[in-house]
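For reference, the structure discussed in these notes is given below.
Residue numbers begin at 1 in each chain, while the letters A, B, ... track the order of the sequences. Only this structure's heavy atoms are used, side chains among them; waters, hydrogens and symmetry mates stay out.
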Amino acid sequence: MKPKAKAEFVLLPVPTRDGKFIARYSEKGLAGLEFPSAVGLARRADRTPQRGIPTSSIRRWHRATAAALKRALAGRAPGVLPPLDVSVGTAFQQRVWSALRKIGCGQTQSYGEIAQAIGKPKAVRAVGGACGANPIPVLVPCHRVLAANRKLGGFSGGLNWKRTLLAREGVVLASGR
DNA sequence: CATCCAGTATATA
DNA sequence: TATATACTGGATG
């Protein structure tokens, strides 16, 4: 199953005490979330707050996103999430992301455990790839996946974010890296 | 301990 | 078609 080729998105800013995140919505729901470093997107989001798929749904989803994101950044369970549009991902990636959402707040799993959970115990490395391709970090907790030795591994939004998010949830990492 | 390798799904060139 | 990855466990020097 190949991901959908193209789609139109609505960008909306989510101001938090950690900076301005950018949420991306499709007609199906929340389709992406960017860390505050994406300055270009931030400006686009400011300039054209809503058009494209203007519906009251998006505003409703956005309130849920903003609330969930702030709770997640505080190290608490995000609570109710808006519908997530994962149609940009392959079937494999969607299974990985689904498994990620089952990791509880303050808990972690290894890439290998995720691979087992989706029934492909050898596709460990591919799981890493799927985590990196996760379009909705923080709310789809790719940061709770550690290497087998309980060390950090990588993080597309920057390892600092991964460390920070885990620390706020009270997760203790192996020392060194 | 340092390398290397297979196995896997994707992306990129 | 080849190579490189947010991996991991086992083999080898």
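- With A/R125 contributing its side chain and A/Y111 its backbone, the two residues share no donor-acceptor pair below 3.5 Å.
- Heavy atoms of A/G132 sit under 4.0 angstrom from at least one base atom.
- In the set C/dT8, C/dT5, B/dA9, B/dA9 carries the atom at the smallest distance from any side-chain atom of A/A123.
- Checking the phosphate oxygens (OP1, OP2) of B/dA6, no side-chain nitrogen or oxygen of A/K122 falls inside 4.0 Å.
- With rounding to whole Å, A/L173 atom CG is found 18 Å from C/dA6 atom P.
- The two atoms that bring A/R24 and A/L11 nearest to each other are CG-CD2, 3.7 Å, heavy atoms only.
- The same atom, C1', is picked in B/dA9 and in C/dG10; the two are 22 Å apart, to the nearest Å.
- Nearest nucleotide to the A/S110 side chain, out of C/dT8, B/dT8, C/dA6: C/dT8.
- Separating the CD1 atom of A/I114 from the P atom of C/dT8 is a distance of 11 Å, rounded to the nearest angstrom.
- In this structure, the CZ atom of A/R150 is 13 Å from the P atom of C/dT8, given to the nearest Å.
- Relative to the side chain of A/F92, the nucleotides C/dC7, C/dA6, B/dA9 differ in distance, and B/dA9 lies closest.
- Taking atom CH2 of residue A/W97 and atom P of nucleotide B/dT10, one finds them 10 Å apart after rounding to whole Å.
- In the set C/dG9, C/dA6, C/dT5, the nucleotide with an atom closest to the side chain of A/A148 is C/dG9.
- Between A/N134 atom CG and C/dT5 atom P the separation is 21 Å, expressed in whole Å.
- In summary, of the residues considered (A/L81, A/L139, A/D85), a side chain to side chain contact (heavy atoms under 4.5 Å, CB included) with A/L30 occurs for A/L139 alone.
- With distances taken from any side-chain atom of A/A126 to the nucleotides B/dT10, B/dT8, C/dA6, the minimum falls on B/dT8.
- Protein atom CG of A/L152 is 12 Å distant from nucleotide atom P of C/dT8, rounded to whole Å.
- The CD atom of A/Q116 sits 11 Å away from the C1' atom of C/dT8 (whole-angstrom rounding).
- For A/Q93, whose side chain is taken as the heavy atoms from C-beta onward, the closest listed nucleotide among C/dA6, B/dT10, B/dT8 is B/dT10.
- The A/K120 side chain lies nearest to B/dA9 when the options are B/dA9, C/dT8, B/dT8.
- If you run salt bridge (charged side-chain N to carboxylate O under 4.0 Å, His left out) between A/E169 and each of A/R163, A/K162, A/R144, A/R76, only A/R144 comes through.
- Atom CG of A/L100 is separated from atom C1' of C/dA6 by 12 Å (rounded to the nearest Å).
- Across all strands shown, C/dA6 remains unpaired; no Watson-Crick or G-U wobble contact has both distances below 3.5 Å.
- Between A/W161 and A/F21, the ring planes are perpendicular. Angles over 60° get that label, and only those under 30° would be called parallel.
- Considering only the side chain of A/R125, B/dG7 comes nearest among B/dT10, B/dG7, C/dA6.
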